[in-house]
Protein chains: 2
Amino acid sequence: MPEEFPCRTHCPINFALESFGDKWTLLIIRDLMFKAKQSFGDFLSSDEKISTNILADRLRRLEQLGIVSKATSEKNRSKSIYSLTQKGRDLLPIMLEITRWSGKHDPQTHAPDALLQRLEADTPSVITQITAGWDAS
Amino acid sequence: MPEEFPCRTHCPINFALESFGDKWTLLIIRDLMFKAKQSFGDFLSSDEKISTNILADRLRRLEQLGIVSKATSEKNRSKSIYSLTQKGRDLLPIMLEITRWSGKHDPQTHAPDALLQRLEADTPSVITQITAGWDAS
DNA sequence: CTGTATCCTTAGGGATACTG
DNA sequence: CAGTATCCCTAAGGATACAG
């Protein structure tokens, strides 16, 4: 963890909280991981309506933490492309367990039923499927 | 989710964030789940130094969300005993995946090495062991 | 389109005194 | 011991205008 972000303690739960324990960061990771979003404008268009200054701050922070990497689009030189690093992709099991928990406990949750059923039946194979395309990029 | 806490969206990731996506709630759950803490004073004594008003607020909120339940100690009538409900205990897989992620990515993390190694080897059996005593209480 | 900058409001939360 | 009640301050964040 960079010096800019001192940790209260190095308990693993607290470390995670200091990395992505706010109301916005995990939504950006969700968009990168499950919704194939990759540009500033993509994130802006999500239903939760993040504002530009907050989004820029969280992307910068995620980059500093080594969870997200930033590149310039080859097609359009003024367009940035964000993607998950390995550290970011390693968050997948957490995201899946969160999805499972919400699917079980939120009667209104909009989790894709097919994903929840597959998670219930066999989490490892779901992970394999989701990560299948990651190594290529 | 109680009406007092309207959700931005019912995406499962967002539902979880609205339930425990702040800087304190997950630490209380950690203390209940792994550190056998159960009283107001127990939580107060944790290393992250939560203040009394915030702690009271989060406990009340967790109770309203059905993640924590509150009872009065039989020994001491003016002492409250907090414990995880089934909904709260269902957070265990998330907590373990968070622990594993931090163990891998925070060089300074103080996760119990024994736990991390057991997690790496066989997560299901770790869950069985941790939850062994839960049904009794 | 990708951000930056600014203004302004509110929520989060530390400190602490106090009560049953 | 288990909270409640204040005071006060700072950080978070919404809205929006603007710049490369």
Side-chain angles (χ1 to χ4, degrees), chain A residues 2 4-9 14 17-29 31-32 35-65 68-83, chain B residues 2 4-9 14 17-29 31-32 35-65 68-83:
Chain A
E4 307 87 277
F5 309 120
C7 262
R8 292 177 293 192
T9 65
N14 187 59
L17 285 175
E18 312 250 353
S19 299
F20 52 80
D22 69 280
K23 291 287 186 189
W24 292 110
T25 300
L26 225 47
L27 297 178
I28 298 171
I29 293 169
D31 287 348
L32 283 163
K35 305 201 172 184
K37 299 194 174 188
Q38 53 180 20
S39 70
F40 196 88
D42 288 342
F43 304 127
L44 269 188
S45 71
S46 285
D47 290 338
E48 290 87 5
K49 299 298 169 207
I50 193 171
S51 59
T52 58
N53 51 346
I54 304 297
L55 176 57
D57 175 79
R58 294 307 134 88
L59 286 171
R60 181 168 39 242
R61 190 184 155 91
L62 281 168
E63 205 186 346
Q64 289 172 329
L65 291 174
V68 159
S69 64
K70 181 180 181 177
T72 301
S73 170
E74 295 179 5
K75 313 267 180 174
N76 181 346
R77 274 340 211 19
S78 68
K79 181 171 191 175
S80 291
I81 299 293
Y82 295 91
S83 60
Chain B
E4 308 87 277
F5 309 120
C7 260
R8 291 178 292 192
T9 64
N14 187 58
L17 285 175
E18 312 249 354
S19 299
F20 51 81
D22 69 280
K23 291 286 187 190
W24 292 109
T25 300
L26 225 46
L27 298 178
I28 298 172
I29 293 169
D31 287 348
L32 283 162
K35 305 201 172 184
K37 299 195 174 188
Q38 53 181 19
S39 70
F40 196 88
D42 287 342
F43 304 126
L44 270 186
S45 72
S46 285
D47 290 338
E48 290 88 3
K49 297 301 169 205
I50 192 171
S51 58
T52 57
N53 51 348
I54 304 298
L55 176 56
D57 175 79
R58 295 306 135 89
L59 286 172
R60 184 168 37 242
R61 189 184 156 90
L62 281 168
E63 206 186 343
Q64 289 173 329
L65 292 174
V68 159
S69 63
K70 181 180 180 177
T72 302
S73 170
E74 295 180 6
K75 314 265 181 175
N76 182 345
R77 273 340 212 16
S78 69
K79 182 170 191 176
S80 291
I81 300 292
Y82 295 91
S83 61

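In what follows, every chain begins at residue 1, and chains take the letters A, B, ... in the order their sequences are listed.
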Next item on the list: Check whether any side-chain heavy atom of Ile50(A) lies under 4.5 Å from a side-chain heavy atom of Leu27(A), and answer yes or no.
Entry: no
Item checked: Proximity to the side chain of Lys79(B) - top-ranked nucleotide from dG13(D), dT16(D), dA2(D) -> dA2(D)
Notebook entry, point to check: dA2(D) C1' sits how many Å from Leu55(B) CG, rounded?
Noted result: 10 Å
Checklist line | d(CZ, Arg61(A); C1', dG3(C)) in whole Å | finding: 19 Å
Next item on the list: Give the rounded distance in Å between these two atoms: CG of Leu59(B) and P of dC1(D).
Entry: 16 Å
Check: Does OP1 or OP2 of dG3(D) have a side-chain N or O of Arg60(B) closer than 4.0 Å?
Finding: no
Notebook entry, point to check: Picking from dA15(C), dG3(C), dG14(D), which would you name as closest to the side chain of Ser51(B)?
Noted result: dA15(C)
Check: How far apart are the C-alpha atoms of Ile54(A) and Asp57(A), what are their side-chain angles, what is the distance that settles it, and do they pass the side-chain contact (heavy atoms from CB on, under 4.5 Å) test?
Finding: CA-CA 5 Å; Ile54(A) 304 297; Asp57(A) 175 79; 5.6 Å; no
Notebook entry, point to check: Between atom CD in Glu48(A) and atom C1' in dG14(D), what is the gap in whole Å?
Noted result: 15 Å
Next item on the list: Please work out if Ser80(B) contacts a base, only the sugar-phosphate, or nothing of the nucleic acid, heavy-atom cut-off 4.0 Å.
Entry: sugar-phosphate
Check: Would you say dC1(C) has OP1 or OP2 under 4.0 Å from some side-chain N or O of Arg77(A)?
Finding: no
Next item on the list: Kindly say if Lys23(A) contacts the phosphate of dG14(D), meaning a side-chain N or O under 4.0 Å from OP1 or OP2.
Entry: no
Notebook entry, point to check: Where each residue is assigned the nucleotide of DNA chain D containing its nearest heavy atom, which of Asp22(A) and Ser78(A) is assigned the position nearer the 5′ end?
Noted result: Asp22(A)
Margin query: I want to check one thing: is the phosphate of dG14(D), taken as OP1 and OP2, less than 4.0 Å away from some side-chain N or O of Trp24(A)?
Written below: yes
Checklist line | Residue-phosphate contact under 4.0 Å: Lys70(A) side-chain N/O, dG3(C) OP1/OP2 | finding: yes
Next item on the list: Indicate the atoms forming the closest heavy-atom contact of Asp22(A) with Leu17(B), along with that distance.
Entry: O-CD2, 3.6 Å
Next item on the list: Ignoring the backbone of Phe40(B), work out which of dA17(D), dG13(D), dA2(D) is nearest its side chain.
Entry: dA2(D)
Note to self: Just by distance, no angles: are the side chains of Ser46(B) and Lys35(B) close enough, under 3.5 Å, to form a donor-acceptor pair?
What the structure shows: no
Next item on the list: Return the minimal non-hydrogen interatomic distance between Arg77(A) and Thr72(A), and the atom names on each side.
Entry: O-CG2, 3.2 Å
Notebook entry, point to check: What is the nucleic acid contact for Asp57(B), judged by heavy atoms within less than 4.0 Å: base, sugar-phosphate only, or nothing?
Noted result: nothing
Margin query: On the side chain of Thr52(B), is there an atom forming a donor-acceptor pair with the base of dT4(D) - under 3.5 Å, no angle test?
Written below: yes
Next item on the list: Report the distance from atom NZ of Lys75(B) to atom P of dA2(D), rounded to the nearest whole Å.
Entry: 16 Å
Check: Considering only dT4(D), dA2(D), dG13(C), which nucleotide approaches the side chain of Arg58(B) most closely?
Finding: dG13(C)
Notebook entry, point to check: Between the side chains of Asp42(B) and Ser39(B), does any donor sit under 3.5 Å from an acceptor?
Noted result: yes
Next item on the list: Just call it for Asn53(B): base, sugar-phosphate, or nothing, with non-hydrogen atoms closer than 4.0 Å on any strand.
Entry: base
Notebook entry, point to check: Just how far, in rounded Å, is P of dA15(C) from CG of Leu44(B)?
Noted result: 13 Å
Check: Within the structure shown, what part of the strands sits under 4.0 Å from Phe43(B) by heavy-atom distance: base, sugar-phosphate, or nothing?
Finding: nothing
Checklist line | Ile81(B) CD1 to dG3(D) C1', straight-line distance once rounded to whole Å | finding: 14 Å
Next item on the list: Give the rounded distance in Å between these two atoms: CZ of Phe20(A) and C1' of dA12(D).
Entry: 19 Å
